[in-house]
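Have a look at the structure below, then the notes.
Note that ligands are numbered from 1 as they come in the structure, with each ligand's atoms numbered from 1 the same way.
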Amino acid sequence: MELLPVPPLEELRARQSAKWRSHPDDVLPLPVAEMDFDLAPPVSAALREAVDRSDTGYSAAVPALGDALAGFAGDRWGWEVDPAAVTAVVEVGVAVVELLRLLARPGDSVVICPPVYAPFFGWVPEARARIHEVPLVDGRLDLAGLERAFATHPAAFLLCNPHNPVGRVHDRDELAEVVRLARVYGVTVVSDEIHGPLVLPGATFTPILTVPGAAEVAVSVQSASKGWNIAGLKCGSVVTASAAMAALVDRFPPDTQWRVGHLGVIANVAAYTQGGAWLDRLLATLHDRRALLGALLREQMPQVSWRPPEATFLAWLDCSSLGDGDTPREMFLEKARVAVEPGLRFGAAGSGHVRLNFATSAEILKAAVTRMAATVT
Ligand SMILES: Cc1ncc(COP(=O)(O)O)c(C=O)c1O
């Protein structure tokens, strides 16, 4: 399969998004989860057509978004989604906070599994709940630890499926156990599945709602924003599969629908309905970059260890032999002029780690690792 090209660095530097505006020009930016590939042609065409017809008003996601997501989920994952059970939201973050607000009374706890996507540490207190950490063990869910946590009756479990930053694709058996525990202890599972489309060759994504018994206790939050690099357009989806979970979404603030990005809906629909072939090329390209990164680290930075991710374009690098806390990140930024995410943002378990975004060209990846390696030898 033909791999996706990446525009030259000068062109990338003209982008005005966070990745390209957060550092001076001598820094290679590999932190925030934006990709350097050009947009999928069906997505850019849909956006261009919308602009050409001055179609930039408020969004009207029903029924297009639900139909599109249901079609994609059925084809790709064998997951039967009821289009009427899809609710448009402005982004995954807002959806999770609204769900937690409804589930948690002030002071209730919400379980998360660090190292985990940094904003989880902000979303839980934003919903006036307390964080209950059940750290991953060897990069996997600690099912015994989750049972102990669920026995304390948290308001919810915020699951990252697949898991950012370690790239673990939780398997069906693990998720079945999560669902069993959720049912036994009466805990609602909010499953952030934004990285679902980015499961790489060799792994299989299990949407939480395909697990028997999950419908009554779990909600899935989806978006095309990571898979097709359209996070700035502001659209995601909440999916339910039971009357109980649908009742929760029905209690979202009435203005929720007006907050969704209209161009985001258009782009999500284009991605889900016409973006499959491009997504396959993306996955082949990320598969290639993951292997390249592995080879570069082996050859040039043997001090760094990692478990290649099964999903996402994010590499969780254990640099603890180079320093603890966020020392490795500071060193790479100051001496190598390479920006990566500091590990401590993902929880205490991130000490000595960095997260590197490999959704870029082979040239940029090689230059970054060569520059990083030069600071440690
Ligand atoms: C696990 C996870 N959830 C949510 C988001 C952000 O989604 P949104 O911009 O729709 O809030 C990201 C972005 O990288 C992510 O990795």
Side-chain angles (χ1 to χ4, degrees), residues 17-19 22 29-36 59 61 65 69 86-101 110-124 126-127 136 139 141 156-170 189-200 205 207-208 219-239 252 256 259-265 267-268 271-272 282 286 309-316 340-343 345-347 350 355-360:
S17 60
K19 185 177 185 192
S22 301
L30 304 176
V32 62
E34 298 178 16
M35 298 193 284
D36 291 349
S59 67
L65 185 64
L69 177 54
V86 173
T87 302
V89 286
V90 59
E91 55 170 37
V92 168
V94 165
V96 169
V97 171
E98 292 300 353
L99 286 163
L100 297 183
R101 267 195 238 280
V110 170
V111 174
I112 63 172
C113 299
V116 74
Y117 179 56
F120 280 19
F121 291 91
W123 294 348
V124 173
E126 192 177 337
L136 298 178
L141 294 175
F157 171 35
L158 177 51
L159 171 69
C160 196
N161 177 38
H163 195 103
N164 173 5
V166 301
R168 168 77 184 152
V169 179
H170 310 301
V189 181
V190 176
S191 187
D192 175 343
E193 304 193 331
I194 195 168
H195 290 284
L198 289 170
V199 170
L200 298 171
F205 175 52
I208 190 83
V219 181
S220 164
V221 190
Q222 297 281 334
S223 177
S225 68
K226 291 293 117 181
W228 286 265
N229 203 35
I230 49 177
L233 299 177
K234 296 291 168 196
C235 171
S237 303
V238 178
V239 187
F252 275 6
T256 298
R259 297 179 177 144
V260 181
H262 177 46
L263 294 178
V265 173
N268 269 249
Y272 289 140
L282 171 67
L286 295 178
E310 299 166 308
T312 80
F313 44 80
L314 306 164
W316 184 240
V340 287
E341 288 289 336
R345 287 196 67 211
F346 302 85
R355 195 194 71 176
L356 179 149
N357 174 345
F358 59 84
T360 187

**Message:** Determine whether Trp316 and Leu356 satisfy the following criterion, side chain to side chain contact (heavy atoms under 4.5 Å, CB included), listing intermediate values before the conclusion.
**Reply:** CA-CA 7 Å; Trp316 184 240; Leu356 179 149; over 6 Å; no
Side-chain donor or acceptor of [X] paired with backbone N/O of [Y] under 3.5 Å:
| X | Y | result |
| --- | --- | --- |
| Asn161 | Glu193 | no |
| Gln222 | Ser237 | no |
| Asn229 | Met35 | yes |

Find all atoms of ligand 1 within a distance of less than 4.0 Å from any non-hydrogen atom belonging to [X], and give their numbers and elements.
| X | result |
| --- | --- |
| Trp123 | 4 (C) |
| His195 | 1 (C), 15 (C), 16 (O) |
| Gly93 | 11 (O) |
| Lys226 | 13 (C), 14 (O) |
| Ala33 | 14 (O) |

**Message:** Tell me which one of Val90, Val96, Val89, Val94 satisfies side chain to side chain contact (heavy atoms under 4.5 Å, CB included) with Val92.
**Reply:** Val96
**Prompt:** Considering the options Cys113, Ser220, Ser191, which one meets the side chain to side chain contact (heavy atoms under 4.5 Å, CB included) requirement together with Leu159?
**Reply:** Ser191
Give the residue, atom name and distance (to 0.1 Å) of the protein heavy atom nearest [atom].
| atom | result |
| --- | --- |
| atom 7 (O) of ligand 1 | Ile194 CD1, 3.2 Å |
| atom 6 (C) of ligand 1 | Tyr117 OH, 3.3 Å |
| atom 1 (C) of ligand 1 | Asp192 OD2, 3.3 Å |
| atom 10 (O) of ligand 1 | Val92 N, 2.8 Å |

**Message:** side chain to side chain contact (heavy atoms under 4.5 Å, CB included), that's the test. Do Cys235 and Leu65 meet it? Break it down for me.
**Reply:** CA-CA 10 Å; Cys235 171; Leu65 185 64; 4.0 Å; yes
**Message:** For Phe120 and Trp123, take the angle between the two ring planes, folded into 0 to 90°, and tell me which bin it lands in: parallel under 30, tilted 30 to 60, perpendicular over 60.
**Reply:** tilted
Ligand 1 N/O within reach of [X] N/O, cut-off under 3.5 Å:
| X | result |
| --- | --- |
| Lys234 | no |
| Cys160 | no |
| Ser223 | no |

